[in-house]
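What follows is a short report on a single structure.
Protein chains get the first letters and strands the later ones, always in sequence-line order, with residue 1 at the start of each.
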Amino acid sequence: QFPTGSSSTNPFL
Amino acid sequence: AELAWAVKSEDKAKYDAIFDSLSPVDGFLSGDKVKPVLLNSKLPVEILGRVWELSDIDHDGKLDRDEFAVAMFLVYCALEKEPVPMSLPPALVPPSKR
């Protein structure tokens, strides 16, 4: 399962 | 045998030049510096979000030289209609991060 990126470190989310 | 890195050395040199042109701080590029470059690829944001997740290996919100090369590699693959994998293939993990 792909970890849904945490918006804290991901500038695209 | 040591698994060769999927990023070819000539491509790495190209990515390093882009990395340096974005004026890294302490050898890192923050997300807001990398974001415009990846958005330039015109790829959908959710693809770029996945590219970021896969390339920001230490999940520190910044990309170092090797992580940036992984991100660029994944962007170029996506531009050639190669689907971005759901997890980073071992061959793509930079030797410095294994």
(message) Please determine whether residues B:Phe28 and B:Val51 belong to a single hydrophobic cluster, defined as Ile, Leu, Val, Met, Phe, Trp and Tyr linked transitively by side-chain heavy-atom distances below 4.5 Å.
(response) no
(message) Do B:Leu22 and B:Leu63 sit in one hydrophobic cluster, given that two such residues count as connected whenever their side-chain heavy atoms are within less than 4.5 Å of each other, even indirectly?
(response) yes
Donor-acceptor pairs are to be reported for all side-chain atoms of residues 29-40 of chain B against protein atoms at under 3.5 Å, with residues two or more places apart or in another chain.
from    : atom 1 : to      : atom 2 : distance (Å)
B:Ser30 : OG     : B:Asp32 : OD1    : 2.4
B:Lys33 : NZ     : B:Ser23 : O      : 2.8
B:Lys35 : NZ     : A:Pro11 : O      : 2.9

Rounded at 0.5 Å granularity, tell me how far [atom1] in [X] sits from [atom2] in [Y].
X       : Y       : atom1 : atom2 : result
B:Glu53 : A:Leu13 : CD    : CG    : 6.0 Å
B:Glu46 : A:Phe12 : CD    : CZ    : 11.5 Å
B:Asp56 : A:Asn10 : CG    : CG    : 8.0 Å

Side chains of residues 75-83 of chain B: which donor-acceptor partners sit under 3.5 Å, not counting sequence neighbours?
none

